[in-house]
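Remember, it's 1-based here, ligands and their atoms both numbered in the order they're listed.
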Amino acid sequence: MCGIVGYTGKRGSVSTLLDGLARLEYRGYDSAGLAILETGQLKIVKSVGKVKNLEASVAEIWPDFENCIGTAGIAHTRWATHGAPTEANAHPHLDNSGKFAIVHNGIIDNYLDLRKHLQEQGCTFKSETDSEVLAHLISQCHEGDLMHAAAAACKKLKGTYGFAVICVDDPDTIVVARRGSPLVIGVGNNETLIASDIAAIAAYTKRVIFLNDDDLALITPDKIDIRNIENVPVSRETAKIDWDIAAAEKNGYEHFMLKEIFEQPDAVANTIRGRLDEAARTAILSGLDMTAAETASVSRIVIAACGTSMNAGMVGEYYFEDIAGIPAEVEQAAEFRYRNPIIEDRTLVLAISQSGETADTLAAVREAKNKGGIVAAINNVVGSTIARETGRGIYLHAGPEIGVASTKAFTCQVTALLLMALLFGRGRRVNRCEGKNLIDEIKSIPELIRKVLARSGEIERVAKKYAGAEDFFFIGRGCMYPSALEGALKLKEISYIHAEGYHAAELKHGPIALLEERVPVLALANDIPGRDKIFANIQECRARKSPVIATATEGDTQISEFTDDILWIPRCSRFAAPIPTVVALQLFAYYIAKERGCEIDQPRNLAKSVTVE
Ligand code: AGP
């Protein structure tokens with residue numbers, strides 16, 4: 001959950017490293033550091049807090065650090081797992097000779113044994129981190145060849161890693177290795193970069209190489225030598241990034257999250273583009289790489305995901321059963337491999353992940369493959385580990401999602417699931433007419449979102465009214481239940497209000513005990529099947545003096561009688577309704593968090609992709 005970046009070339013590593021770190025900050029931001037090789041010396045700077053603190057410390061040492069300081073260097077922005085966010089625990093870590101510096105993303109499970117062994121060999125440790133063992137281990141294994149030393153060290157490691165190491169004896173050289181944590185190489189002209197993801201590289205090159213598990217690479221300004229852990233050369237494809245750097249900037253919005261909320265009409269249009277076959281009244285999902293016979297043979301769909309992606313999966317569960325008539329279930333990815341799931345050869349296991357790097361979802365993919373299931377992914381980051389390990393799936397094409405609180409990924413994931421339900425449904429219970437209706441519904445989604453965004457001023461006014469609440473309930477029925485879960489998750493993540501999402505019928509079985517005038521309830525009461533039931537639930541909440549806000553379909557003349565405030569949603573079918581409704585809930589959470597002065601893009605204790613179990 002950290003971000004690492006490395007540079008070797010003529011551009012001057014300090015400013016390049018700081019720029020790269022700033023673009024990786026959403027991966028972790030409690031401390032940072034860098035190490036550069038300059039005139040045969042290793043220079044280290046570390047600081048607690050955000051990258052801008054590191055920049056300040058760097059400027060004290062190198063006032064003109066913009067001008068070509070250092071030929072090769074590595075840097076790190078941290079999300080603490082072992083040891084509090086202190087300068088000593090910040091990366092890079094050195095060995096006792098001070099010749100080797102490492103930065104690491106991941107968790108070394110057997111670090112305590114390695115640490116004890118190394119201490120018995122006379123090594124003294126300066127931090128509480130698991131990562132520091134790497135510096136001492138590589139130093140111990142070093143017999144003149146940095147790549148060999150790194151490979152030897154990797155053989156002793158259990159757990160996950162993406163690390164980079166530099167050594168004073170090898171100017172201009174960086175060695176990297178990965179197992180379980182992402183690492184990409186940026187191929188430049190007389191310069192080479194490495195990073196945890198392409199966001200840190202896209203400003204310098206569009207040519208990238210994704211490393212696989214147990215790959216190592218030695219890079220210099222004009223050489224990239226990739227080998228496996230047995231020192232056998234391996235070839236890896238050079239891919240082209242289709243993002244422009246502006247996509248990773250804020251474009252005038254105050255926060256990445258708000259920018260990404262307003263990008264949703266285009267992002268969803270990108271997810272739909274080229275995937276509707278109007279003549280055949282079905283969807284075209286070539287990335288799934290399944291023949292009509294194969295889609296028809298699927299007997300069950302198991303969705304594995306975490307967080308927002310799991311909430312999207314739960315909407316998909318309704319789609320697959322209601323539209324396509326295929327039994328479907330959602331698994332918390334973290335549980336999947338520990339509960340010995342029943343996966344047959346006609347079971348499609350669908351991994352949903354924005355980043356494609358979430359450790360628990362990746363492990364679910366591997367478990368499903370071991371069990372012989374058909375495995376596919378819905379992913380946003382091209383070339384991510386989950387995308388490469390499943391080898392088939394749907395890319396969202398939503399563009400980079402920088403805000404830690406996921407927004408456009410959710411609406412694009414739900415749209416992709418609706419496309420899948422149409423494709424699988426056409427082979428089963430969806431006739432041509434129903435196919436046409438679904439296609440029209442899917443095509444209308446960007447406009448539905450635009451209509452909600454046009455009401456952002458109204459939503460802000462309502463949100464400000466409830467910014468003082470400390471507890472909140474979101475309730476819904478049918479596929480509005482996972483939408484309620486998503487609304488509550490967004491509010492929790494960025495405003496730190498204790499918000500709970502519940503199926504509206506569940507309230508009576510306990511949570512209703514918490515309702516009173518200081519606990520608002522947001523009811524998803526759109527004019528779709530189940531509306532009359534949710535009206536009854538609203539009455540129950542009001543009877544306990546809870547203020548009630550409702551999402552309601554434009555033109556609904558009854559709802560205002562039963563509620564204190566309304567978030568209006570354009571009329572649409574029960575299948576499309578979760579998308580515009582959740583956009584309204586994203587804005588609701590955003591404006592409450594803003595009113596409370598919260599750190600919206602980088603909420604406390606969170607990170608954008610959770611690459612450890
Ligand atoms: C959502 O806002 C959170 N950032 C988090 O719950 C996220 O959805 C979860 O970690 C899954 O991430 P993924 O989609 O990248 O796998």
Is the distance between the ring centroids of His498 and Phe472 less than 6.0 Å? no
Taking the ring of His104 and the ring of Tyr161, is the distance between their centroids below 6.0 Å? no
Q) For ligand 1, is there an atom lying under 4.0 Å from some heavy atom of Lys490? A) yes
One finds that the ligand 1 atoms under 4.0 Å from a non-hydrogen atom of Ser309 are 8 (O), 13 (P), 14 (O)
Near Ser353 (heavy-atom distance under 4.0 Å), the atoms of ligand 1 are 13 (P), 14 (O), 15 (O), 16 (O)
of all protein heavy atoms, closest to atom 7 (C) of ligand 1 is Thr308 N, 4.1 Å
Hey, does Ser406 come in under 3.5 Å of ligand 1, counting only N/O atoms on both sides? yes
Cys2 and Arg78 have their tightest heavy-atom pair at SG-CA, 3.9 Å
In this structure, atom 12 (O) of ligand 1 is nearest to the protein heavy atom Thr358 OG1, 3.4 Å
Nearest heavy-atom approach of Glu367 to Pro341 is OE2-CD, 4.1 Å
Exercise. Using the six-membered ring of Tyr496, assess whether NZ or CZ of Arg604 lies under 6.0 Å from its centre and within 45 degrees of the ring axis.
Key: yes
for atom 15 (O) of ligand 1, nearest protein heavy atom and its distance come out as Ser355 OG, 2.6 Å
ask   = What about the rings of Tyr253 and Phe262, do their centers lie closer together than 6.0 Å?
value = yes
Between Tyr319 and Leu417, the two heavy atoms sitting closest are CD1-C, 3.9 Å
min-distance protein heavy atom vs atom 10 (O) of ligand 1 -> Val610 CG2, 3.9 Å
Please say whether Val404 places an N or O atom under 3.5 Å from an N or O atom belonging to ligand 1. yes
Under 4.0 Å from one or more heavy atoms of Ala405, ligand 1 contributes atoms 2 (O)
shortest atom 3 (C) of ligand 1-to-protein heavy-atom contact is with Glu493 OE2, 3.2 Å
**Asked** Under 3.5 Å between some N or O of ligand 1 and some N or O of Lys608?
**Response** no
Among non-hydrogen protein atoms, atom 6 (O) of ligand 1 lies closest to Gly307 CA, 3.3 Å
TODO: Determine, stepwise, if the pair Arg337 / Asp360 fulfils salt bridge (Lys or Arg N to Asp or Glu O under 4.0 Å).
DONE: CA-CA 9 Å; Arg337 65 188 171 292; Asp360 286 324; 3.3 Å; yes
Closest heavy-atom pair, Ser309 versus Ile352, reported as atoms and distance to 0.1 Å, is CB-O, 3.4 Å
All heavy atoms of Cys306 vs all of Ala333, minimum pair found to be SG-CB, 3.7 Å
Ligand 1 atoms nearer than 4.0 angstrom to some heavy atom of Gln354 are 13 (P), 14 (O), 15 (O), 16 (O)
Of all protein heavy atoms, the one nearest atom 11 (C) of ligand 1 is Cys306 O, 3.4 Å
